[in-house]
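In each ligand, atom 1 is the first atom listed, and ligand 1 is the first ligand listed.
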Amino acid sequence: MDLSLTEEQLAFRDLARDFLEREAVPHRMQWDHDESVDLAIVPKMAQLGFFGLTIPEEYGGVGGDYVTYSLAMEELGRADSALRGIVSVSSGLVGKSILFHGSEEQKQEWLPQLANATKLGCFGLTEPGTGSDAGNLTSRAVADPSTGSGRAADWVINGQKLFITNGTWADVALVFARTSDDGPRGVTAFLVPTDSPGFEAREIKGKLGLRGQATAELFLHDVRVPDAARLGEVGKGFKIAMSTLDKGRLAVASGCVGIVQGCLEASVAYATQRQQFGKPIASFQLVQDLIADISVDADAARLLAWRCADLIDRGEPYGIAASKAKLFASEAAVRAANNAIQVHGGAGYVDDFPVAKYLRDARVMTLYEGTSQIQKLLIGRDETGISAFV
Ligand code: COS
């Protein structure tokens with residue numbers, strides 16, 4: 001389904017697929033078992049432009065539109081969602097927060113390094129006590145009045161963050177912390193170098209999926225940053241987080257399209273060669289039923305993701321389109337992976353085929369960057385004008 005993609009967009013997709021088929025697909029099971037991708041792939045991915053997509057050339061990126069970004073995320077999701085997470089958190093959530101809300105100095109300092117992946121970022125929003133209710137986070141940043149005269153007060157940050165992608169690999173953490181008790185309007189964003197004294201990241205092992213990706217708990221104990229590390233205005237952190245997550249949800253949705261596509265390809269390949277009752281199982285109607293469902297999910301999820309990307313490219317509102325794409329594509333990824341395992345029978349339950357990993361990786365997609373329930377409440381609020389959150 002190529003729905004009027006430009007030659008450049010198609011060329012990038014083909015380049016990305018070719019690269020990932022060589023550099024990621026043969027290793028993804030090993031990375032999954034090792035609970036770590038081989039980070040040697042990161043600079044190679046950067047060279048191809050994965051990390052620089054949608055970061056303007058003036059800041060060291062490769063520019064590019066959001067449809068291309070969606071295609072790249074799809075290819076990463078098809079190959080290995082752990083890689084997709086590394087890119088879409090570092091250059092997506094962190095890079096785009098800096099691009100749209102940072103000072104010129106912050107853009108000059110961080111964007112070229114995130115675009116060429118010599119530095120990785122992580123996004124510190126979720127806490128042990130606040131997942132969906134992000135506006136109630138309790139990490140706290142306090143201005144230190146004893147900061148030397150002639151410059152703005154330093155900030156001293158204390159708190160804990162949970163389930164942070166890239167947490168132990170990141171060089172910079174975008175940390176959201178409370179600067180006043182005014183609910184979501186009392187949250188401010190800070191760019192915290194992860195080698196700051198008092199900053200500690202501990203990796204969370206034993207995840208169901210996304211095992212190749214470093215997911216961490218962050219501890220901030222009297223971490224001191226200058227006021228120049230503040231991203232955006234005091235009290236605007238929640239808005240920065242929410243508007244950034246709108247684009248993040250497109251990345252998750254697109255990655256899920258890749259999972260569904262991978263499930264489709266694996267299921268067709270298996271069903272056309274696996275013989276039972278003297279013929280390929282693809283000739284049985286109930287197997288075709290499973291494959292047809294995966295195929296429709298792939299097209300529907302992809303179209304929702306592309307619609308969202310196209311709205312962003314045209315400068316139109318896209319938040320609800322992102323929620324719809326994320327909701328549908330993440331649920332479709334779980335459904336498709338489950339169907340794909342059904343097509344594979346017992347062979348799908350072990351790691352000889354990619355479908356078991358697709359299911360494990362897909363499962364978190366309905367949880368992070370806003371659960372399916374949160375997406376439904378955002379869509380419901382948009383349709384009815386009534387907020388379920390008040
Ligand atoms: N873009 C820009 N601003 C936004 C926004 C968005 N997408 N969503 C909310 N805001 C602004 C509101 O406009 C409001 O601004 P004002 O102070 O000027 O009025 C402010 O943020 C507070 O908004 P509100 O209290 O109405 O929040 P919401 O009801 O919109 O948000 C939910 C509540 C639950 C929807 C939100 O907290 C959410 O999305 N939670 C899920 C968090 C999440 O995805 N976590 C995963 C983290 S990454 S793994």
Item to complete: Give the ring-plane orientation class for F50 versus F19, where under 30° counts as parallel, over 60° as perpendicular and anything between as tilted.
Response: tilted
Item to complete: Apply side chain to side chain donor-acceptor pair (under 3.5 Å) to Q108 and list each qualifying residue two or more places apart in sequence or on a separate chain.
Response: E104
Discussion item. Once side chain to side chain donor-acceptor pair (under 3.5 Å) is applied, do any residues pair with D181, and if so which ones, sequence neighbours excluded?
Written reply: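 Once residues adjacent in sequence are excluded, the partners of D181 under the side chain to side chain donor-acceptor pair (under 3.5 Å) criterion are R140.
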Worksheet item: Is there a donor-acceptor pair closer than 3.5 Å between any side-chain N or O of Q113 and the backbone N or O of E109?
Response: yes
Worksheet item: Between E75 and A72, is there a donor-acceptor pair closer than 3.5 Å when you use the side chain of the first and the backbone of the second?
Response: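 Answer holds: no.
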Worksheet item: Got a sec, which pairs hit side-chain hydrogen bond (donor to acceptor under 3.5 Å, both in side chains) with one end in residues 325-336, sequence neighbours left out?
Response: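 Found D297-R335, E331-S372.
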Discussion item. Heavy-atom contacts with ligand 1 below 4.0 Å: which residues, ordered by chain and residue number?
Written reply: L125, T126, G131, S132, P184, R185, F238, K239, M242, S243, L245, D246, R249, Y368, E369, G370, I374, L378, R381, F389
